[in-house]
**Student:** 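Before I ask anything, let me first share the structure, which is written out below as structure tokens.
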Amino acid sequence: MREYLAYFVKRIGLSIFVLLGLSIVIFTISRIVPGDPARISLGANATEEAVELLREEMHLNDPLPLQYVYWLGSALQGDFGDSLVTKRPVATDIKEFLPASLELIFLAALIHIIFGMILGIVSAKNNGRWPDTVIRIFSYIGIAAPPFVMAVLLLLVFGYWIPILPSIGGRLTPGIIVPTVTGFVSIDSILAGNFAALRDNFAHLILPALALALGNMFQEARITRSTMVDNSEKDYILMMRAQGVGSRLINSKYLFKPSVIPTISIMALDFSSMFCNAFLVETIFTYPGLSRYAINAMLRNDLNAVCAVVLILGVVFIIANIVVDIIVSILDPRISIGAGGN
Amino acid sequence: MEKHVENQDQDIVLDIKNLKKYFYMPKGVVVHAVEGVNLQLKRGETLGLVGESGSGKSTIAYDVIGMYKPTSGEIIFNGEPLHPDIHKRPLKQKGDMQIVFQDPGSSMNPRATIETNLAFPIKRHGGLKDRQAIHERALELLRFVGLPEEYAQKYPRSIGGGERQLACIARALASNPKLIILDEPTSALDVSIQAKVIRQLIDLQKELNLSYLFITHDLSLMRNLATKVAILYLGRLCEIAETAEFYSTPMHPYTQMLLSSIPVVTEEEENLRPVKLESRGEIPNPANMPTGCGFHTRCSRCMEICKTQHPQMKEVSPGHFVCCHAIEGKPVDTEAAVL
Amino acid sequence: MEKNGSFEIKDLKISYKVFNGELQVVDGMNLRLNSGERMGLVGEAGCGKTTTLKSVLGILPSNAVISSGEVLFNGEDVLKFDNKKMQEFRKKNCAMIFQDPSSALNPIFKVKDLMMNGMRNSLAKSKDWKKVAYEKAVSSLRDVMLPDPERIMENYPFQLSGGMRQRVCIAMAIATDRHLLLADEPTTSLDVTIQEQILKLIYKLSIEKKLSVILVTHSMGVIREMTDRVSVMYAGTVMEVGDTKDVLESPQHPYTKALIACIPKLTGSGVAEGIPGRVPDYLNPPKGCRYVDRCPYATAICREEKPKLTDCGKNHQIACHNCGR
Amino acid sequence: GGGANVPNSSSSSTGNGSTGGGESLVRMAISDVPVVDPAVAITESALILYPNVYDSLVWPQADGSVVNGMAESYTASEDGKSFDFVLRKGILFHDGTEVLAEDVKYSMDRAIEIGQGLGFLFANKVASTQVVDDYTVRFNLNAPSGVFITSLVRLYIVNKDLLEANYQDGPYGDKGDYGMTYLQNTDAGCGAYEVELYEQNQAITVKKFADYWDGFEANNPERAKFMNVDETVTQVTMMSNRELEISNPYLALETYEQLDAIEGIEIAGFYKGDLMALSTNTKRAPMDCEHLRKALAYCIDYDTLINTLYPGSYRANSCVPTTVMGYDDKAVNVSFDMEKAAAELAQSKYADTIGDYEIEIAWVANCPDREKIALMLQANAAQLGINLSIYEVPWASIVDTSASPETTYHMVTVITAPDYTEAGCLFETCFSDVEHGNPNTMSWAGSPELDAKIADAVATLDSDEREQKYIDLQEEFMDSMPMIPLFEQRFQYAYQAGYLEWTIANQPVPAIMGANVILRDMLIYPEKK
Amino acid sequence: MEKIQKRPQSVRSLTWKKRWYRFSRNYMSVIGLVIVALVVIMAIFAKWITPYPEHAGAFTDFANANTAPSAAHIFGTDNSGRDIFTRVVFAFRNALKMAVIVLTISVPVGSVLGIIAGIRQGTWIDTVIMRFTDIFLSVPSMILALAIASILKPNMTNAMLAITVSWWPWYCRLTYSTARSISRENYVRYAELTGGSFAHIIFKEILPNCVSPILTKMTLDVGWVIMTGASLSYVGLGEQAPIPALGNMISSGIKYLPDQWWNTIFPALGIIVIILGFNLLGDGVSDLLAVEEE
Ligand SMILES: Nc1ncnc2c1ncn2[C@@H]1O[C@H](COP(=O)(O)OP(=O)(O)OP(=O)(O)O)[C@@H](O)[C@H]1O
Ligand SMILES: Nc1ncnc2c1ncn2[C@@H]1O[C@H](COP(=O)(O)OP(=O)(O)OP(=O)(O)O)[C@@H](O)[C@H]1O
Ligand SMILES: [Mg+2]
Ligand SMILES: [Mg+2]
């Protein structure tokens, strides 16, 4: 336990350093571009006085390093300034949109992990036979189709041709209202005992989640398959078999566990790639998540929001990485978490 | 004494003086890999360094060659002290001293042909620039170690382990070295191939007047190869003697234990082995050294003093040194010893 | 099942399918072993020792093909066993010690888990099998002279030294009683002192429990100390087989002779030349005797025809056309 | 903060609104969800929302005039510098308090002081606002203005007491944030609808305000939901699933055809004074050459534009929409003629060097048809050796770049719409000499002389005289082509005609933004769904 | 001179023959190679093999807009009457151009930095390089690319710049770990002990051993760069009209779904095919470059 604590402290220390670096990079980029953030923020018709007022407030008349210090200072207090797009504090926006994105991405991750693993196992067990071939062909295509293309195709199929899913856009069908507690509609609707809402929420999530998950899912199936095939001829499996251990026990435990470690250790990367892809997928499905918010912010030069979102995503990924590392270290005793970077 | 040393200087290629090497691990653990070792190697001779796994054999070799910086102690090579930092050693010194590693798999660049692998020391130390000359020198070296010339264009992985080891020896010869450190060069090979490699080494030594620091754990092999044998246990020397003396009258309990454990093929050999000593336990962890004599935990002749005090090196007969409380002899000053 | 524990390999041929053809690795392997006997199997690296042993337990890699031959245990052909019988055979009759201890233990499970589940099937189905298994595991760890077995049970393989890992493997193989032990170079990675301890242990078991052992090794010395009989294998065939003493003292086959000459002796009699050449290319092995390219006595017939194992003394056979010359 | 989006009053409405079935709800796609503060936001979607949740003293009419709204009557002083308005009695804010002259004054002061949003319409004009009595308010202007009354259609009255009770920290001294935080997600108006649920960036739902002073018709929708739905695909899907009643007006022509083909969906077209034009940056080389601008104007195939790309729209020959008072049909006189274009180019000072320049033309993202205009111009201009590069730019970035002549794109496809229905409004917003640009001033054609003339025209009280001055002005400065007017656009909305009656569909509407999406003009028959 | 020139040549070609044999045994890699070869050839000769090369530039023909696939326009025409097949082929060309430029900049930069840090592991050089890399790796590359591209002016050059900035750290990390493990190999130690210079160790000992993972990743990355580029251009941050790019073709085509499906489907298939090709080839490349085993 103490090792874990020490590891946390070390990792968090490093992460803070990395985040500081990231904040400098992103802040600098955002402030050296031409354009007056105050004017951008207030829009075309605002009077000059109003703009000047805001400029003072944003410290735009100070030198850049000082601006950074001010910005960082308030960012640390959770104040990233106001968003141009929504006219609200960016922090409020993030608090609202991040759960939506996370909800979507968690569902996508669930699909990707579970079905990826199942497909991989099925494929490995049928190594060389037709289910394997079918899964592999699908994998090749699935991996090659970018999620936004996948999104368009899913929309075409389930939006027009076989319109079985209720609607696109939003997290719930208009009219269904669930009191906000956690910000995760699914959890909130469970808390409220409103299972109709849960179902509805799921119906809204499933297509974008699929669009996000499919590529990664096939990727995972491929990795799981190949590690399982490789590992099944390792001495340690042969040894088990030679001892007369039942093949079900071997497959489900001694072969499975070492084979999923590679998959799990790239999970943080998968998670981050899903966040990336969510940028377009949320836009296509008009899903009100952080990624869509971010892309709007980016397209509209909403610099406060861009900086904040990039930083927040940085934090999210650092957490994701730490979590994945811990899971891997629990699964794989060879990786001693105390040893840190070495 | 002083004079004596100077006289010998011409002849002594390598002189290791009170060498210590500690590894500082996380959480304050200190591994005493080498703990005050004195060794001397004369020109044209082979010093056999024997010990169990983890006893510090490779560490001594790496200290000499410059891969590790010794914690303390001095290494004199050809009469000049070696700088602990490899980057500060003169190029000539690097060429005069070569190493052959245990693992034939990783000692040559797998992406380059044998010739390309040989080309580097040829260029660097042979001073050759012309491609034709380098090519010819590479072929010459291969012939030298008894490999066919076609091997120059092969990749290391496509030839056998023994041949690869011979190629490594050829590479080591490229800089016309005085000393070759051989870190278990044959322990990964079959006996038949080992025989080939060892034969080649012996022939080369005669031809080129090379000195070998030969590391191994195979005492039978050592018998046929070394001029002098040193036994290492937990980073300390237990016994050093000329080969014949060493095998005819092994003194240290550990040496006896090792010799008695060797499986042998013929009856003659069996008769040469000391009386069967029950081998017990295994080598302790150098990070957690036992007090006193390192061997007392396994020694059948362990006395009280062994548990508290490390014995001093003693000369039992000329050139035969033993480090054991149970053995009588002339104590030797470890700081200035000539072993 | 009749329990005389006899074991025989007859004319076994195994090849590996690789991208550019078939490696005909084991080529007409023959081996006979009586109950309680210790048989040595020596040979250079890559001559098919491991392949032979793996075929007995049915754990060959997927690209291996057994093209002909029989493996008879108690008169039954193991190669024809169905899954269930094979499982039974593995559980009850045959154990194997793998060559490389660092890869034979699943790296992410504790020794405890590996040992107990390894035994699980061979133990009678009882409710407290866990307890029984644990106890058995601890005692067999103690048997292989590992200090503090309870602690080792809680360790992961990577936390043990090579020697300890090898002994864990051995402990797993001997934890439950079986009739046949296939020991594939059980001591190569060990120091001489430890090697001695382990070999003694196997010897003791073989005597006490009437365990038949096939001991694969490179080392003639080990053969001499451990075994009753020895088979000298070269490139997938047995070249010479006989009582250990006989073979070592008066080897008949040119290969055995050369091999023994290569062994450095404690007497200091110098180092031999080594056997010229290499193990043949298994893709296109020589048609006749596989040793032909390295044999100083090779004649025309050696190239043409495979020699058969023929008697050349009491309990002593060699496969050579020049037998007796 | 506005994290939780459950208004206190929603408990009564959630019960009956949980199924989509027979609800009296109008859902409309808009490009983003505005804040509900008329002194802050000025996006198109905001301008759709405001007339529904707020009310104004006067209401715009399709013919360009205004009629009394909240005002019972008004009088102007002789010099045209002071206006007295008498409020109707008994008008209630959504919180049930009565609208008084105080509130009108407060609304005007607030708009000016905040200076964002619609405040600019009044900022330099209104000198002071006086409360004469509870129901009478007086506006004093800096200069006489003939257009002031018309501009009051954009003064949305907010609830003074309510906002004062909700001040938070902010830069406006003792007024704190002036209630801006409060108005982010709720309203303080007295319009026919009140904000019920505000879902950040996603949707805003309004519901009928039962006590609205002007009352409702029987089938006016109970609720309306303005949803942030951009993507065409999504809109089409939702329309065909009857999850959306009204589309946004920026779909591609093909999409309207496709929607029209769906049973029950029809297209409503409006001319609301939206003039599609190419602004030309007259301060940036090489567009600073008048001949080049004219050459480009000759490169445009107007017939194709009107007939093929924007059917239903008509040709505009001026910088003023045809439906606005003061439009001059002869201000611009060009047609598609590559020869004339070549001739103009030959006169340009850049005639020889034009190939070295890259002329940027930006079109507003999410309006796919506008790309075609750019493509057409690009293809034709290429024949003259003029290199046009096309950028798809989000509106916000256009706003951003339009701050200075250096950063403004050479050409931008813009729609200019008046904030009130007179040419003078456009002159003021597009050509008055400002330091800081905005999307209306991307031509950078303003000058002090022009300013003076505009001011003079606008101050003219007599409307006929004013109109003549507008016409003269147009002819004078459109001669140098500071913008290339293309056509007046027919705005098209697909709507669920099967169960939604949009009473003003395809009828003339006031030529200001948002005037066509008035919920009280809609009748919904949920049972027909 | 001549003599030695020739001999290594023949050995090399033999090795390559063997490798090619290994590669061609995997028919998936061969399919990948065929796809990639076709795409590259189409891209290079786009001007000659497309029926309407002028449609890839400033061109409109509104009378022919949105016609379904036919003999004259096998993929149909888009909203401005341009031949979609032509535009897809030119989009391939632009996508490949982008991938090549991005990779030729980011691969050497990232690889060399990674190798230097890997060799000097544990020193301040390692710390500086790898922490700097960590900063870039702390945010997913596409988000970084989007953020940078959105701040800059939207065009191809800036999109490439943005992708490059977010791409090199991956190569840095790749070669770092390879270099770290290789620098413990005996042959590198030998070179060091025998007086090999820093440059010798980087370029002669370590780099050749990183080439295989780098090339494999590069081949795969061509696909991913193209995808990232397409994503950027989908949101309007890449190539600008009228220049065809796969992303902007899809994003403008999506507005015409489902009736004018050809506007979207063909560019979408284009992306899938091109990424598929490079993925398949990438698998083969690692086979092709695997070290010779006995
Ligand atoms: N770089 C290192 N860091 C930490 N400890 C080390 C290092 N190198 C060696 N040691 C430790 O020093 C001791 C001696 O190691 P060394 O490699 O010299 O033994 P050896 O006699 O060569 O053994 P072997 O026969 O297994 O090669 C061992 O306990 C080893 O764990
Ligand atoms: N799965 C496989 N595919 C292809 N060839 C194989 C495979 N396994 C082993 N071989 C080859 O078969 C030959 C015999 O291998 P085997 O492991 O049986 O030899 P061995 O006698 O046990 O050697 P060692 O002493 O090195 O353990 C070797 O040449 C080896 O390369
Ligand atoms: Mg060593
Ligand atoms: Mg083997």
Side-chain angles (χ1 to χ4, degrees), chain B residues 51-55 146 159-163 186-202 217-226 243-244 247-248 254 257-273 276-283 285 298, chain C residues 42-47 145-147 161-164 167 187-200 217-227 234 244-245 247-249 251 255 258-279 294:
Chain B
E52 280 178 284
S53 175
S55 55
I159 64 175
E163 291 153 334
T186 59
S187 65
L189 307 177
D190 271 335
V191 273
S192 57
I193 300 164
Q194 164 174 303
K196 233 190 282 185
V197 174
I198 298 293
R199 252 322 252 273
Q200 207 64 48
L201 281 171
I202 292 172
H217 49 241
D218 186 345
L219 277 167
S220 316
L221 177 62
M222 209 81 280
R223 176 73 183 90
N224 298 292
L225 188 65
T243 307
Y247 284 90
S248 59
Y254 177 56
M257 177 169 136
L258 281 182
L259 278 170
S260 71
S261 313
I262 309 173
V264 292
V265 192
T266 59
E267 214 145 315
E268 288 164 274
E269 291 179 86
E270 200 155 316
N271 296 335
L272 282 173
R273 283 198 311 202
K276 200 93 183 160
L277 271 179
E278 182 74 19
S279 58
R280 302 193 304 183
E282 42 189 307
I283 189 166
N285 184 352
R298 298 167 76 187
Chain C
V42 278
E44 280 176 278
C47 67
M145 279 165 297
L146 279 170
S161 73
M164 290 163 113
R167 276 179 279 172
T187 56
T188 14
S189 53
L190 304 180
D191 285 318
V192 276
T193 52
I194 316 276
Q195 162 172 309
E196 197 194 9
Q197 296 169 27
I198 300 272
L199 291 178
K200 271 190 186 143
T217 178
H218 285 152
S219 161
M220 287 292 186
V222 170
I223 293 290
R224 180 167 178 272
E225 310 216 325
M226 284 289 294
T227 62
Y234 180 76
T244 305
K245 225 170 153 237
V247 173
L248 288 183
E249 276 170 13
Y255 175 64
L259 199 62
I260 290 176
C262 286
I263 302 166
K265 307 277 174 351
L266 212 47
T267 48
S269 51
V271 180
E273 284 286 346
I275 311 171
R278 298 165 63 175
V279 182
R294 303 172 78 178

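Each chain gets a letter, A, B and so on, in the order the sequences are listed, and its residues count up from 1.
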**Student:** Please classify the contact between B:L189 and chain C as side chain, backbone, both or neither, with a heavy-atom cut-off of under 4.5 Å.
**Tutor:**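 For B:L189, there is no contact with chain C at all, as no heavy atom is under 4.5 Å.
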
**Student:** Could you tell me whether a side-chain N or O of B:S261 sits under 3.5 Å from a main-chain N or O of C:V192, the two making a donor and an acceptor?
**Tutor:**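 No, B:S261 side chain to C:V192 backbone: no donor-acceptor pair under 3.5 Å.
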
**Student:** Considering only heavy atoms and a distance below 4.5 Å, find which of B:S192, B:S53, B:S187 pairs most often with chain C.
**Tutor:**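 Looking at each of B:S192, B:S53, B:S187 in turn, B:S192 comes out on top.
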
**Student:** Walk me through it: do B:T266 and B:E269 pass the test side chain to side chain donor-acceptor pair (under 3.5 Å)?
**Tutor:** CA-CA 5 Å; B:T266 59; B:E269 291 179 86; 2.9 Å; yes

**Student:** So which atom in C:M226 and which in C:L199 form the shortest heavy-atom distance, rounded to 0.1 Å?
**Tutor:**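 Smallest heavy-atom distance, with atoms named: SD-O, 3.3 Å.
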
**Student:** Where on C:E44 is there a heavy atom nearer than 4.5 Å to chain B: the side chain, the backbone, both, or neither?
**Tutor:**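 For C:E44, the contact with chain B is made by backbone and side chain together.
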
**Student:** Who among B:T243, B:V191, B:V265 has the most heavy-atom pairs with chain C under 4.5 Å?
**Tutor:**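 Going by pairs under 4.5 Å, I would pick B:V265.
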
**Student:** Can you name the salt bridge (charged side-chain N to carboxylate O under 4.0 Å, His left out) partners of B:E268, sequence neighbours left out?
**Tutor:**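 Checked B:E268 against salt bridge (charged side-chain N to carboxylate O under 4.0 Å, His left out); zero matches.
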
**Student:** Do you know which of C:K245, C:E249, C:R224 has the most heavy-atom pairs under 4.5 Å to chain B?
**Tutor:**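 The residue among C:K245, C:E249, C:R224 with the greatest pair count is C:R224.
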
**Student:** Side chain from CB out, backbone as N, CA, C, O: work out which of these in B:L272 comes under 4.5 Å of a heavy atom of chain C, or both, or neither.
**Tutor:**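 B:L272 touches chain C through side-chain heavy atoms alone.
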
**Student:** With respect to chain B, which residue among C:I194, C:L259, C:V279 yields the maximal number of heavy-atom pairs within a distance under 4.5 Å?
**Tutor:**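 Top count of heavy-atom pairs under 4.5 Å with chain B: C:I194.
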
**Student:** What part of B:E267 is in contact with chain C, defined as an atom under 4.5 angstrom from a non-hydrogen atom: side chain, backbone, both or neither?
**Tutor:**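 Both parts, backbone and side chain.
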
**Student:** Which atom pairs, donor and acceptor, lie under 3.5 Å between side-chain atoms of residues 262-276 of chain C and protein residues at least two apart or in another chain?
**Tutor:**
unit_1: C:K265; atom_1: NZ; unit_2: C:I260; atom_2: O; d: 3.2
unit_1: C:K265; atom_1: NZ; unit_2: C:I263; atom_2: O; d: 3.0
unit_1: C:E273; atom_1: OE2; unit_2: B:R199; atom_2: NH2; d: 3.0

**Student:** Side chain, backbone, both or neither: which part of C:M164 has an atom under 4.5 Å from a heavy atom of chain B?
**Tutor:**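 The answer is the side chain of C:M164.
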
**Student:** With the threshold set at 4.0 Å, does a side-chain nitrogen-carboxylate oxygen contact exist between B:R273 and C:E225?
**Tutor:**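 Salt bridge: yes.
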
**Student:** Write down the atom of B:T186, the atom of B:Q194, and the distance for their closest heavy-atom approach.
**Tutor:**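 Of all heavy-atom pairs spanning B:T186 and B:Q194, the closest is OG1-OE1, 3.3 Å.
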
**Student:** Out of C:H218, C:Q197, C:M220, C:M145, which one racks up the most heavy-atom pairs below 4.5 Å with chain B?
**Tutor:**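 Among the listed options, the one with the most contacts to chain B is C:Q197.
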
